[in-house]
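Data first, discussion second: the structure below is written as structure tokens.
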Amino acid sequence: MGNKWVILERIIEDSKSDYYEALKKSSFHWHESSHDLFPWWSFFLSHIKSGYQELKERVELSPIGGTKTNLIRQSILEQVGEFKISTILNLNPTLDREIAKKTLTQMKKDKIILQIGKGRGSRWKLI
């Protein structure tokens, strides 16, 4: 899942020359109060939109739905070999450990996964 933040400053920094060009165009005739904010405003809004698109791509959950449980289930179903609860939480840093534990327990009851070991050191594996 990666970083959960989208930094607008980074997005603008990546197109610094365009930023300064828009600022220059918008500042033309500033002292006569006949300047045009449209070039800067257009630049700014397009970069806000770009930031939202990046955020949307990062937080799109899964094809099976948008609940936290479904996100955890999807992450578990994508695992190859043994994994720990920390593996799932690292993939989904905004999720709560308790929800992940409940989801693992339910999937164990449903005979989808197998628990190997007990306690914090336990590992899990798809059946």
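Along the sequence shown, residues are numbered consecutively beginning with 1.
Residues E78 and Q74 have side chains in contact (heavy-atom distance under 4.5 Å, counting atoms from C-beta outward). Residues K68 and D96 form no side-chain contact, since every pair of their non-hydrogen atoms from C-beta on lies 4.5 Å or further apart. Considering only heavy atoms from C-beta on, W124 stays 4.5 Å or farther from I76 through its side chain. The shortest distance between side-chain heavy atoms of S26 and D36 does not fall below 4.5 Å.
Distance alone, capped at 3.5 Å, places no donor-acceptor pair between the S42 side chain and the F38 backbone. In this structure, the side chain of S75 engages the main chain of L71 through a donor-acceptor pair within 3.5 Å.
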Please evaluate residues Q106 and D110 with respect to the criterion side chain to side chain donor-acceptor pair (under 3.5 Å), reporting the C-alpha separation (whole Å), side-chain torsions for both, the decisive distance (0.1 Å), and the verdict. CA-CA 6 Å; Q106 184 59 51; D110 295 341; 2.9 Å; yes
Dump the intermediate steps for side chain to side chain donor-acceptor pair (under 3.5 Å) on S15 and H47, then the final yes or no. CA-CA 9 Å; S15 58; H47 285 71; 2.8 Å; yes
Dump the intermediate steps for side-chain contact (heavy atoms from CB on, under 4.5 Å) on R73 and I112, then the final yes or no. CA-CA 10 Å; R73 286 180 63 86; I112 298 170; 3.6 Å; yes
Determine, step by step, whether T103 and M107 satisfy the side-chain contact (heavy atoms from CB on, under 4.5 Å) criterion, reporting the C-alpha distance in whole Å, the side-chain angles of both residues, the deciding distance to 0.1 Å, and the verdict. CA-CA 6 Å; T103 304; M107 290 178 78; 4.0 Å; yes
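To the nearest 0.5 Å, atom CG of residue L8 and atom OH of residue Y52 are 9.5 Å apart. Within the model, atoms CD1 of I88 and CD1 of I85 stand 8.5 Å from one another, a figure rounded to the nearest 0.5 Å. For the atom pair NZ (K109) and CG (L104), the distance works out to 12.5 Å, reported to the nearest 0.5 Å. The distance from atom CG of L37 to atom CH2 of W30, rounded to the nearest 0.5 Å, is 7.0 Å. Atom-to-atom distance recorded for L45:CG and W40:CH2 is 8.0 Å, nearest 0.5 angstrom. Atom CG of residue L89 and atom CZ of residue R97 lie 6.0 Å apart, to the nearest 0.5 angstrom.
A salt bridge does not link R10 to E13: none of the charged nitrogens lies less than 4.0 Å from a carboxylate oxygen.
There is a path of hydrophobic side-chain contacts, each under 4.5 Å, that joins F43 to I48. No single ILVMFWY cluster, assembled from side-chain heavy atoms under 4.5 Å apart, contains both F28 and W41.
Closest non-hydrogen pair, E82 versus I116, comes out as OE2-CD1, 3.4 Å.
Heavy atoms from other residues, nucleotides or ligands lying under 6.0 Å from CD of E32 number more than 12.
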